[in-house]
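What follows is a single structure, written as C-alpha cells, with notes after it.
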Amino acid sequence: MTFYTYNYLHASQSTWQYWRIALTSVLVIVFILFLLHYLRNRFDIKYKDLTIIVGTLLLLILGMQYNDFNTIQSSIKQSGQITTLLDKIAAELDVSKTTVSVNSTTPNDNVLVKTPKGYFRVNYNTDGSQFVLETVQLRDTNRVKIEGEK
C-alpha cells in the first residue's frame, strides 16, 4: 500500500504543469526561429518545411492542452482538497503536517491516513463537508510504502 506525504502532494500539484509550459515555450521559440529563417531565405525550402512541421506540432500540443484543461483543473482541485484534509487532520491530532501521509491522491470514502499516532480511516458525512477519524490497524505494516519521504 502506498502512502503520499504532504510535501509530495503539494509538490506534485504544480511540477508537471511547469514541464508542459516549458515544452510549449521551447516549441514557440523554435517555431519563431524557423519562421525568421524562412522569411530571410525565401528560396530555401527546408526552412519552410521545418516551420510547417514545428507549427503543426505546436498546434497539436496546444490542442491537447486545451482538451485536457478541464481534467487538469479537476486534478488540481482534488489534490488541493487532499492537502487541505491533511492540514485539518494534522491540526486535529496535534502533529506536524509533514508527518502525515495519505493513501490516495483524491478524496474518497476509503482514505487511510498514516500519522505518528497510528493509522486512521477518514469517514465523510453525506455532503462531504465534515469528517470523522476512525482508528484502524493494518495487518502487515511492512508492505507500506511512503512516496515523498526523505
Side-chain angles (χ1 to χ4, degrees), residues 1-37 47 49-150:
M1 180 180 304
T2 303
F3 283 82
Y4 305 97
T5 64
Y6 177 85
N7 293 333
Y8 177 84
L9 291 170
H10 193 65
S12 69
Q13 287 180 10
S14 58
T15 304
W16 60 272
Q17 293 171 355
Y18 291 130
W19 284 104
R20 286 182 120 174
I21 292 169
L23 176 67
T24 305
S25 300
V26 167
L27 280 175
V28 167
I29 291 169
V30 169
F31 176 75
I32 290 171
L33 289 175
F34 282 142
L35 184 63
L36 289 175
H37 276 294
Y47 292 119
D49 293 341
L50 287 173
T51 304
I52 291 171
I53 291 170
V54 172
T56 305
L57 184 62
L58 182 63
L59 287 174
L60 178 68
I61 289 176
L62 289 175
M64 288 183 343
Q65 284 184 354
Y66 179 76
N67 191 29
D68 291 342
F69 184 71
N70 288 335
T71 307
I72 292 168
Q73 281 192 329
S74 175
S75 174
I76 291 170
K77 181 180 176 185
Q78 288 177 349
S79 293
Q81 289 172 345
I82 283 291
T83 54
T84 303
L85 174 70
L86 290 181
D87 281 337
K88 289 179 183 178
I89 290 172
E92 185 174 316
L93 296 176
D94 196 29
V95 295
S96 171
K97 63 184 174 186
T98 59
T99 61
V100 179
S101 55
V102 65
N103 74 332
S104 176
T105 58
T106 59
N108 58 43
D109 288 335
N110 297 320
V111 173
L112 293 178
V113 179
K114 179 185 179 298
T115 68
K117 295 185 177 184
Y119 293 91
F120 297 91
R121 177 183 294 127
V122 179
N123 293 322
Y124 292 99
N125 64 352
T126 54
D127 66 353
S129 62
Q130 298 292 324
F131 63 89
V132 174
L133 294 176
E134 176 185 359
T135 305
V136 295
Q137 285 195 338
L138 298 180
R139 285 188 185 174
D140 189 9
T141 57
N142 294 332
R143 293 185 180 186
V144 171
K145 178 182 172 191
I146 299 177
E147 287 287 332
E149 195 174 51
K150 293 179 181 177

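Sequence positions, counted from 1, serve as the residue numbers for this chain. Here the structure is a predicted model, which is why all the values come from computation and not from measurement.
- The distance from atom CG of N7 to atom OG1 of T99, rounded to the nearest 0.5 Å, is 10.5 Å.
- Evaluation of the side chain to side chain donor-acceptor pair (under 3.5 Å) rule for S96 yields T98 as partners, not counting sequence neighbours.
- Between E92 and F120, every side-chain heavy-atom pair lies at or beyond the 4.5 Å cut-off.
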**Request:** Could you go through the side-chain contact (heavy atoms from CB on, under 4.5 Å) check for L112 and V102 one step at a time?
**Result:** CA-CA 6 Å; L112 293 178; V102 65; over 6 Å; no
**Message:** With side-chain contact (heavy atoms from CB on, under 4.5 Å) as the criterion, how do V144 and Y119 come out once you've worked through the C-alpha distance, each side chain's angles and the decisive distance to 0.1 Å?
**Reply:** CA-CA 11 Å; V144 171; Y119 293 91; 3.8 Å; yes
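- The CD1 atom of I29 lies 11.0 Å from the CG atom of L58; values are rounded to the nearest 0.5 Å.
- The closest side-chain heavy-atom distance from D87 to Y6 is below 4.5 Å.
- Not one N or O on the side chain of K114 forms a donor-acceptor pair closer than 3.5 Å with the backbone of F3.
- Y124 is listed as a side-chain neighbour of L85, based on a closest heavy-atom distance under 4.5 Å.
- Considering only residues two or more places apart in sequence or on other chains, D94 meets the side chain to side chain donor-acceptor pair (under 3.5 Å) condition with none of them.
- T2 places none of its side-chain heavy atoms less than 4.5 Å from the side chain of N103.
- Applying the side chain to side chain donor-acceptor pair (under 3.5 Å) criterion to R139, with sequence neighbours excluded, gives no partner residue.
- Considering only heavy atoms from C-beta on, F131 comes within 4.5 Å of I89 through its side chain.
- Within the 4.5 Å cutoff, no side-chain heavy atoms of V113 are placed close to those of L93.
- The closest side-chain heavy-atom distance from L60 to T56 is not below 4.5 Å.
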